[in-house]
Amino acid sequence: MSEEGEEVEAEPSQSSCPAYDELLEVMDRATARLDLPWKRARKVVPQVILCPVGQAVLRQAHSSVPPQPVPPLLQTLQRYLTALEPLLPPDELQHTRKIVQKFGCPGGLGEKLQPELIKRAKHSHNWISDWWVQWAYLECRQPLAVHSNPAISLPKRDFTDWRGQLVFASKLIAGVLDFKAQVDSGKLALEYMRGQPLCMELFPQLFSSCRIPGPKHDHVVHYGRPRRGPAHITVVRNYQFFQLDVYNSDGTPLTESQIHAQLLRIRSQSWKTDKQPMGILTSEHRHTWGQAYTRLLRDKINKESVRLIEKSIFTLCLDSPVMRISDEKYSSRMAAQILHGGGTFSNSGNRWFDKTLQFVVGEDGSWGLLYEHATAEGPPISTLLDHVLEYCKKPDRVRAPLIPLPMPKKLYFYINSEIKWDLEMAKQNLDILINDLDIKCFNFQRFGKEFVKQLKLSPNSFIQVAIQLAYYREVCAACDIASLRMFRGGRTDYIRSPTNQMLSFIRAFDDDDREAKVQLLREAVDSLMGQGIDRHLLGLKLQAIEEGLSLPRIFMDTAYGLATHWKLRTGQVPTNTDSVMCFGPLAPDGYAVCYNPQQDHVHFSVTAFNCCEETNAEKLALTLERSLRDLQELFQPTV
């Protein structure tokens, strides 16, 4: 971006590159089509659809999943400018076009960086995934609680006391171990999407893995091996951590009755709440936690305890009862409990936020899963949960062997004055964060994905249109999560909305011409089926940095900042059960909306920060419900 007093180089001659001429023609036509009220158009903000590109875990499937290609440079640049059209007034768009043209023209920096990305793709497992994980997660310094770790709240179980809690927790542990056995043995069924095999590489990394804090960036450790990996899980109750071995000496997993007996032992050792909730340290700002982590591990006892937590297959959090609440607010309260534990006077001390998998079971029948995002993605987590839910339907027919089991090992921590201060600061900061977060969950029951399929529309895109319509009505911004597991070693990418078609539909929504609105809606839905561009742009940016070049002007342009400031973060993780996913917004003035479409209903969660006067989770949730009803009435006017 040129600033006052800066010399702007002349735009490259259009006659120098026929292919580039074609790109410029398309750009010119696209810009000419725009006839937007720019003040209002600024209210529509970019929406990202995050697309996970799973990794091939099953050896026999590895070769059947193709590598992730590097998209053509001019295609990405064209789509980038198209994505900016609803966001910028004509003069700013024209300014950005010149910067993009210079970057992509013959001899431009983009043309020099693109071959390096292609070379990287040929000589690496995946050309962007490692960069993406490092940039999006491991270098991010915000707390994992709320800001990064997604939570999934599952349907309430039929128990209301600690006895039922331990019986179900035993079944849950056995179900997860059964799933792990399928992963370790290579017997996990290969997943397909539209007949194409999906990458399965993330599955073994779910177990015995943990994120480790650092002063400048974090890293992830994987201790899991199919044969000689860790044989224990971590159980947390009343802020106290226990090592629970879950395999017999012959390598067979403990039966449900054996696990239940061990959980009873843990309960007998953790009657009182520990005064120092060590797990809350992991909720801190990553730089702060990295420093405290170094201090904590100076002591031999602390180091041994922390390592056992990090190496464990997963963590089970046995939460204490929480204050009763109305049925209307119950789902929102339970989602919050899974996400952050409810605060330092509730169950937040029962979490180790760095751990990849944390299963949470409450005494009132609530339960769910919290996962660390650098290692895990939504679709593999959904597969795991579907397996556990099916397993929980089966009776326990395995007789427990008459073998005495060792007492679960309680993990101890030595807390000096420095660590105590770290804990006090962590408790204060976490309570501030939790009190700032507003969560609203609801179940939209007028229709589900079956109704949308009957209209021959994509349910995901249809819901995206409803979210955009609600957001526009409330003056908000957008970002969504989608899957790229059809490529080897891939993770995620963004698919942007609003598009020009989306904006046209939203602007025309209050008009009387129903048929015209239906057609515009179909065009808006179709426009969301495009290819992501953000990982490619990120790759070009990081390639320039890796080569020691000055940051290209395309990434210093204010348009790029606007296009990557995601005020509305959305995500669909469809499962076979009535689960609700939630996570915090990406921006302080933003929203996060998650949804799980079922056949005849859709589960939603909406989050926002109370510190921003412009956002209100409950208000957006109500507006979203109204938008869904309005879209239904477009096709069923008499409803």
Side-chain angles (χ1 to χ4, degrees), residues 39-50 86-87 136 140-151 283-286 288 329 331-333 335-344 348 353 373 428-442 464 466-481 494 496-498 506 558-571 580-595 604-627:
K39 290 184 180 179
R40 193 171 180 188
R42 285 180 181 274
K43 297 176 183 177
V44 183
V45 197
Q47 177 161 6
V48 210
I49 299 177
L50 201 55
L87 310 175
C140 180
R141 302 287 81 194
Q142 286 186 310
L144 298 187
V146 174
H147 292 288
S148 180
N149 289 5
S283 70
E284 265 284 23
H285 183 279
R286 301 308 291 174
T288 305
K329 296 182 179 180
S331 61
S332 301
R333 166 69 67 83
Q337 277 289 317
I338 307 298
L339 183 64
H340 50 58
T344 58
S348 294
F353 290 100
H373 222 331
Q428 287 183 30
N429 292 333
L430 180 59
D431 282 339
I432 290 171
L433 177 60
I434 288 173
N435 290 331
D436 192 30
L437 185 70
D438 185 19
I439 298 181
K440 174 64 178 178
C441 298
F442 68 95
Q464 285 294 317
I467 294 172
Q468 282 289 325
L469 179 58
Y471 186 56
Y472 185 76
R473 283 170 164 174
E474 289 302 324
V475 191
C476 321
C479 148
D480 179 44
I481 307 174
Y494 295 132
R496 292 168 169 271
S497 69
I506 290 172
T558 52
Y560 185 74
L562 174 66
T564 54
H565 181 71
W566 306 110
K567 279 193 170 184
L568 178 58
R569 174 191 190 187
T570 72
V580 180
M581 173 179 272
C582 65
F583 40 61
L586 285 175
D589 57 346
Y591 288 102
V593 181
C594 293
Y595 50 97
F604 287 94
S605 72
V606 181
T607 61
F609 290 116
N610 293 318
C611 64
C612 179
E613 295 181 357
E614 298 176 2
T615 57
N616 184 302
E618 185 166 1
K619 190 175 180 181
L620 181 63
L622 290 172
T623 309
L624 177 54
E625 286 191 79
R626 179 162 63 92
S627 296

Below 4.5 Å, heavy atoms only, C-beta onward: do [X] and [Y] meet side chain to side chain?
X    : Y    : value
S283 : L144 : no
V593 : L620 : yes
H565 : L586 : no
N429 : T288 : no

Once side-chain hydrogen bond (donor to acceptor under 3.5 Å, both in side chains) is applied, do any residues pair with D431, and if so which ones, sequence neighbours excluded?
T344
Compute the centroid of each ring, for H147 and then for F609, and state whether the two points are separated by less than 6.0 Å.
yes
Side chain [X], main chain [Y], donor-acceptor under 3.5 Å:
X    : Y    : answer
D438 : N616 : no
S348 : H340 : yes
N149 : F353 : yes
S605 : M581 : yes
R569 : G584 : yes
S627 : T623 : yes

Take T615 and Y591 through the side chain to side chain contact (heavy atoms under 4.5 Å, CB included) test and state the conclusion after the steps.
CA-CA 7 Å; T615 57; Y591 288 102; 3.7 Å; yes
R141 and H285: side chain to side chain contact (heavy atoms under 4.5 Å, CB included), yes or no, with the steps?
CA-CA 6 Å; R141 302 287 81 194; H285 183 279; 3.6 Å; yes
Which atoms form the tightest heavy-atom contact between I338 and A151, and what is the distance?
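Where I338 meets A151 most closely, the heavy atoms are CG2-CB, 3.7 Å.
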Starting at [atom1] of [X], measure out to [atom2] of [Y] and round the result to the nearest 0.5 Å.
X    : Y    : atom1 : atom2 : answer
H373 : C140 : NE2   : SG    : 11.5 Å
T558 : Y560 : OG1   : OH    : 13.5 Å
C611 : N435 : SG    : CG    : 12.0 Å
L437 : L339 : CG    : CG    : 6.5 Å
Q428 : E284 : CD    : CD    : 9.5 Å

Please walk me through it: do L624 and F442 pass side chain to side chain contact (heavy atoms under 4.5 Å, CB included)?
CA-CA 10 Å; L624 177 54; F442 68 95; 4.0 Å; yes
Applying side chain to side chain contact (heavy atoms under 4.5 Å, CB included), run through F604 and C441 and close with a yes or a no.
CA-CA 6 Å; F604 287 94; C441 298; over 6 Å; no
Who passes salt bridge (Lys or Arg N to Asp or Glu O under 4.0 Å) against D436, sequence neighbours left out?
none
